[in-house]
Every structure is written in C-alpha cells, then in structure tokens.
**Student:** 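Here you go, one structure.
A note on names: the letters A, B, ... follow the listed sequences, proteins ahead of strands, and every chain is numbered from 1.
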Amino acid sequence: MTKSIHEVRDPIHIFVRLNSQERWVVDSRPFQRLRHIHQLALTYLVYPGATHRRFEHSLGVMELAGRVFDVITSLNNVSNDIRDLIGPIREQEQLPYWRTVLRMAALCHDLGHLPFSHAAEKELLPENWNHERITRSIIESTEMAEIWSKMRPPLNATDIVKLALGKKEAKDLEFTNWEAILSEIITGDAFGVDRIDYLLRDSHHAGVSYGKFDHFRLIDTLRILPSPRPNDEMGPGEPALGVQEGGLHSAEAMMLARYFMFSQVYFHRVRRIYDIHLKDFLKERLDGGPFPTQIEDHLRLTDNEVTAALLHAARRKDKPGHLHADRIVNRHHFKLLYERNPNDIKVDRNAGKSVFDALCAIFGEEQFRHDRFAQTGGAPDFPVELGNGEIVSSFLKSETLNMLPVVSIDNVFAERQIFEEARQLLKENRDDIVRPPEKEN
Amino acid sequence: MNGIKRAAVISNLADRLWKKGSWCGETHIQKAGYFLQELLEVPLGFDFVMYKHGPFSFDLRDELTSLRADGFLELLVQSSFGPSYVTTDLGKDIQSKFPKTLARHRNKLEFVADKLGNLTVVELEKLATALFVTHDQKRHDGTEEGRAGELHRLKKHIPESDAREAVRKLDRMVEELRA
C-alpha cells in the first residue's frame, strides 16, 4: 500500500510530516533547488557548522505553520467576538483548504532566493525586483499551477502568494482580516514561524545557544485576539495574532533570542565583510548586468555554480572577480576599522558614512567598504490575553520587551595593507570627520 | 526629503501630536504621517497600503525603528493599549538643525496634529481609511454612500453608519483645508 503520510527526519522538529499531495511540491524542481542554497550564505566561514540549507528550513516552516494553525483555529481557543468577525473560523468547512494553503505557502516562501540567500540582492537584481518577487513568479508559474490544480481541493495560487509573502511584499493584493492573520503566521514580526524556525535552526547549526527558546509553549499559547482598546470604544478591535499571559515569557525569550542572534551571528563583522566581498565578486562576474529573473535561469543558478566560479577565479588572476574571490577563498578579507558608536551617532547620525567618505577621499574608494543596516519591523507590541479575559498590550505586561534594544550596525572595513595607516588617520582626525550637520540657513 | 530632514519632521510631528493630547502610539504616527503625505502633500516618500488599522506604511514602521535605534525617539509605556513614541533630547536637537524645513511645513504639521491629535485608534482608522478609499476610486462611484460602502467592505468591523460619518468628517476636513 502506498504511504499517504511521509516523514522527514529533522534536527529541530524531530519529524516533519507531509501528505502525498504536499510531497508533489517538495519534489518539484523549484523546491529541490533549495537543497543547494545555504540558509546563512557564507556564515560557515565563521561558524563552520552553519552549512544548512533553505530546503530543511522551508520544511520546518511548513511544520510549524500547521501547528500554529491548529492551535489558533481550535474552537476552544477562539472567543465569540473573533468567531463572529472571521468567516472561515465561524463556518469551519473552509478550514482544511486554508490549512493546506498555509502549509504550501510556508513551504514555498523562500523559492525565489538567489544563490547564497540574502547576500546583496538589492544590488544584484534589476530595479523593483527582490527574491520575494521571484518567489511569487514561481508560485504563479505554469509548472506550479499544474500541482496546485491537481491537489484536492485545488489551491488558488494567489492565496498561496498572499500567505507566503504577506502584505509588505504583495502590496497589490487585497487581504481580508483572515488572510492577514494567516500571512502573519509565516511572515509576522512577532510570532512568524519563519523566524521561529530560523532562530532555532541557525542557532543549532552555528553551535550557539542564543537562538533557543521554548517554542512549544509559545505556540500552544498563541491566539487570535482583538487589538487592545480603551473601554469607551465600542466593538472589538482589529484582530491580530497575540499570546495568552502564560506564554509571555516564551515570547520574551524569542525576542531576546532574535536580539542575540543578530548581535552574535547575523551581524558578525567577518560574516558581513564576506557577504560584501561576495557581492563584489558577483557584480564583477555579471559584468554590470543583473541576476536573471526568468524562472528557468533562476532555477539553474545555485550556490554550487557560484562556489565553483569563486574557487576558479581565486586561482586565476585573469578571471573576472579574482581579487574578491581571493579575499574570500584565501581569507584575505578587509578588517573592521570603524563600528557604530552611540556617542558618534549623537553627533552625526551618518557617522559611518562620514568616516567612509573621509577615508575614501584620501586612500581611494577601493580600499574601504561601508556596511550600514538597522533592524527592520516594528516594536514587539502585540495583544496579550490576561487570565481574566482582558486584552492588553505586551508592553504593559513585559519589562523585558520595554528594554529590548534595536540592533543596528554601521561598519567601515579597510583593506589590510592600508589598515594601520587609515586607523591612525581616523584616530587623529576623528573630531573633524564625525561632526554635527550644519544648521540650515 | 533626505533621511535626516525626514527625521526632524517625524519627531516634530510626534511633538505636536503630544501637545494636542495624543497618546502618540505607532498607529497615531502612521495615520498622521499618511494625512501629512497624501492630503497635505508633504513629500515624506513613504509607501502606504491598506493594512493594520487602515493605511499603513512598512517603510514608516522601519523608519520609526531606525529612529529608536539612533536615539531620536523612545518608547514610553503609559497605557494598556500600547507604547507611545516620545522625542528625545537628541530628536529635539535634530529639529533645531532644520528650521527652514520645519518652517516650510509648519502649517501642515499643525493642521494634521490639530485634526488627528485627540482621536482614538478606532477614529483614526475610520478617518484614514475614508481618505484611502476617497483617493482610490477604482471600487466606488465617489459618492458618500459609495465610499462608505467600500470602507465597510475593507474594514468589516467598522459598521456602515460609522463609515458614513467618517466620510462626512473627511469631506469637512478637506473643505476646511481648501478654504
């Protein structure tokens, strides 16, 4: 007899289970490509264990999305107000369709990643393109449409796009409250399962403990809740994904995990400069042109092709991108010369750029790289259901969330040969370089 | 408008909302920013879509986080409904560097703060969504009924009677602005 439920062993979730229809998606060419896309780009050059791929991450996101869906739609966990407001929960018969759409959206949410994932896609793709737009093209492609239409019930590709990308990346599509909540399950700032899986998985593979938290407790206490509002306002507030009071510590632990993972792993200085060298290499290899956005071309390009080109170019001085490849392969990366300093920010919000510009003017642009990035997304403000049924903001109940810093970097890296000279020059002229903006006349 | 001038305008907007009695949470700044850009035509450069509590800009949300990271704004907890944004000394200092920019937009900033400063989240959601549907004419005939119907379709938890009142209120505001 043919198996209807398939199990995949996974270091984070132990088993990821999927049915035969869902397996058609896993077996598709776009999904199989993810076996060859590193989750954390060149991070393995700093944390050698971090060689995991988007393939297993996407399976993990699907597994978690299904678990969250089951918790938040269980009638025991839904208030009357929310039931009245959200048709699919009220009527129940649509729930199996939406559960499958959600799991497939979770599975497909990363299909559009370029080789080495996030590394500098803004500068490598044509204007107005990003990996989410490629993901959408693939979900809507003829190849995937055949799978969606074969499934029972057939799935609507637009529904999958909405949940996989969320409103931020699918601005042209209209979202119902229900669809907004389901997309929040995958892409949400506070409890998105994409984030839950990558924190746990990246932490595991990098060999650091910072990313671990009690996600079982967190998921069990997730609820669709009305946004908190003053007593004198009538009717329920707009529904959002929130947590019961009992899960608040797990939510805090997740936010802290994110903060530490950004500080220690994702924004690690050497990891960042390798990403920059890789971007420089790819730009030179592409000879000024962008990465392909056509699906067939996209599917042909993985980390394997780029790694082969990188190793080849590192050995051959006549190959485009040789210098950048050499910096990566032979570990001659630029060194950190200047990093974000709160005292400098008080004087000049663009202190890193000022340092970069001043040094480039003296030593030349090729000797330096500037890397500025601030955490995106909003404050971790979500509804919390207290034991007495009252709904309040997470900020009211959590000192930890109130104190959570925003992660931000503003680095300047220098080529090794001029590093000492540049450092000395910066030391002697810092006050002239980092200075307040002139008052508008 | 470049990033540093925009920081001065946003922190100035937050100050003015406070002065008008606003609790000044993210929704207040989002909707005030929406009116400032889309009705008063201050070129903030944010992209607004229909999302949380009406028109919402993911860019503006990221900008608020960035302003917190750099110490221009900070969060203050004063109610059970969510945190408020407060301008820091550094935020006030940056405003003092751009007197011409702030003077150019002073009346518009004051108009928005005056009209929206004392509104609750629900009132802001209704009014901002009314402006959104008024500008987006694809799905209605432009009449009060048509726009109210569209508002209710987009935001099911807002009753049609409230939607009609929000459209009327918006129209009065636009008339006042024209006068």
**Student:** Check this for me: B/K100, atom NZ, are more than 12 non-hydrogen atoms of other residues, nucleotides or ligands nearer than 6.0 Å?
**Tutor:**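 At most 12 heavy atoms, drawn from other residues, nucleotides or ligands, come within 6.0 Å of this atom.
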**Student:** NZ of B/K19: more than 12 outside heavy atoms within 6.0 angstrom?
**Tutor:**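 Open: at most 12 neighbouring heavy atoms sit under 6.0 Å from NZ of B/K19.
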**Student:** Any heavy-atom pair between the side chains of B/I94 and A/P437 that's under 4.5 Å?
**Tutor:** yes
**Student:** Out of curiosity, A/N177 CG to B/H157 NE2, how far, rounded to the nearest 0.5 Å?
**Tutor:**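 Result: 6.5 Å between the selected atoms.
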**Student:** With a 4.5 Å limit on heavy-atom distance, are the side chains of A/K439 and B/P99 in contact?
**Tutor:** yes
**Student:** With only heavy atoms counted, which part of A/P405 is less than 4.5 Å from chain B, the side chain, the backbone, both or neither?
**Tutor:** neither
**Student:** Taking atom CG of A/L404 and atom CZ of B/R68, what is their separation to the nearest 0.5 Å?
**Tutor:** 8.0 Å
**Student:** Would you say that more than 12 heavy atoms from the other residues, nucleotides or ligands in this model lie under 6.0 Å from the NZ of B/K20, or not?
**Tutor:**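 Check passes, neighbour count above 12.
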**Student:** Measure the spacing between CD1 of A/I345 and CZ of B/F72 and express it to the nearest 0.5 Å.
**Tutor:**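 Those atoms lie 8.0 Å apart.
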**Student:** If I take atom CD from residue A/E238 and atom OH from residue B/Y51, how far apart are they, to the nearest 0.5 angstrom?
**Tutor:**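 Atom-to-atom, A/E238:CD and B/Y51:OH are 9.0 Å apart.
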**Student:** Quick one: closest heavy-atom pair of A/D381 and B/G82, and the distance?
**Tutor:** OD2-CA, 3.9 Å
**Student:** Is A/R90 atom CZ crowded by more than 12 heavy atoms from other residues, nucleotides or ligands, each under 6.0 Å away?
**Tutor:** yes
**Student:** Top residue by heavy-atom pair count (under 4.5 Å) with chain B, among A/R340, A/Q375, A/K397?
**Tutor:** A/R340
**Student:** Does atom CD of A/E438 have more than 12 heavy-atom neighbours, drawn from other residues, nucleotides or ligands, at distances under 6.0 Å?
**Tutor:** no
**Student:** In sequence, state the C-alpha distance, the side-chain angles, and the governing distance for B/L154 and A/E174, and then conclude on side-chain contact (heavy atoms from CB on, under 4.5 Å).
**Tutor:** CA-CA 9 Å; B/L154 287 172; A/E174 202 174 277; 3.8 Å; yes
**Student:** Check the pair A/R349 / B/L67 against side-chain contact (heavy atoms from CB on, under 4.5 Å), numbers first and verdict last.
**Tutor:** CA-CA 10 Å; A/R349 194 184 182 201; B/L67 291 173; 3.5 Å; yes
**Student:** Considering all heavy atoms of both residues, which atom of B/F81 and which atom of A/S393 are nearest to each other, and what is their separation?
**Tutor:** C-CB, 3.6 Å
**Student:** Just by distance, do the side chain of A/E440 and the backbone of B/T101 share a donor-acceptor pair under 3.5 Å?
**Tutor:**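 Checking the backbone N and O of B/T101 against the side chain of A/E440, a donor-acceptor pair under 3.5 Å is found.
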**Student:** If I measure from the heavy atoms of chain B, does A/D84 come under 4.5 Å with its side chain, its backbone, both, or neither?
**Tutor:** neither
**Student:** So for B/E74, is it side chain, backbone, both, or neither that comes closer than 4.5 Å to the heavy atoms of chain A?
**Tutor:** neither
**Student:** Could you tell me which portion of A/D410 (side chain, backbone, both or neither) has an atom closer than 4.5 angstrom to a non-hydrogen atom of chain B?
**Tutor:**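 Contact with chain B is absent: no heavy atom of A/D410 under 4.5 Å.
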**Student:** Counting heavy-atom pairs under 4.5 Å to chain B, which of A/S408, A/S394, A/A379 comes out on top?
**Tutor:**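 Max contact count across the listed options: A/A379.
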**Student:** Heavy-atom pairs under 4.5 Å with chain A - which of B/D70, B/T65, B/V49 has more of them than the others?
**Tutor:** B/D70
**Student:** Answer yes when A/D348 and B/K97 have at least one side-chain N-carboxylate O distance shorter than 4.0 Å, and no when they do not.
**Tutor:**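 No, A/D348 and B/K97 are not salt-bridged.
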**Student:** Evaluate whether atom CG of A/N343 has more than 12 neighbouring non-hydrogen atoms of other residues, nucleotides or ligands under 6.0 angstrom away.
**Tutor:** yes
**Student:** How about B/R172: does its CZ atom have over 12 heavy atoms from other parts shown lying under 6.0 Å from it?
**Tutor:**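 Yes, CZ of B/R172 has more than 12 neighbouring heavy atoms, counting only those of other groups under 6.0 Å.
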**Student:** Given heavy-atom pairs under 4.5 angstrom as the criterion, report whether the side chain, backbone, both or neither of B/L75 touches chain A.
**Tutor:**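 The side chain, not the backbone.
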**Student:** Say whether, by atom type as modelled, one donor and one acceptor occur between the side chain of A/T376 and the main chain of B/D62 under 3.5 angstrom.
**Tutor:**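 Side chain of A/T376 to backbone of B/D62: no pair is present.
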**Student:** Can you tell me if A/H268 has over 12 outside heavy atoms packed within less than 6.0 Å of its NE2?
**Tutor:**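 Yes, NE2 of A/H268 has more than 12 neighbouring heavy atoms, counting only those of other groups under 6.0 Å.
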**Student:** Test B/D47 against A/K168 for salt bridge (Lys or Arg N to Asp or Glu O under 4.0 Å), laying out the working first.
**Tutor:** CA-CA 10 Å; B/D47 187 15; A/K168 183 180 181 187; over 6 Å; no
**Student:** Tell me, for B/K52 versus chain A, whether the close heavy atoms (under 4.5 Å) come from the side chain, the backbone, both or neither.
**Tutor:** both
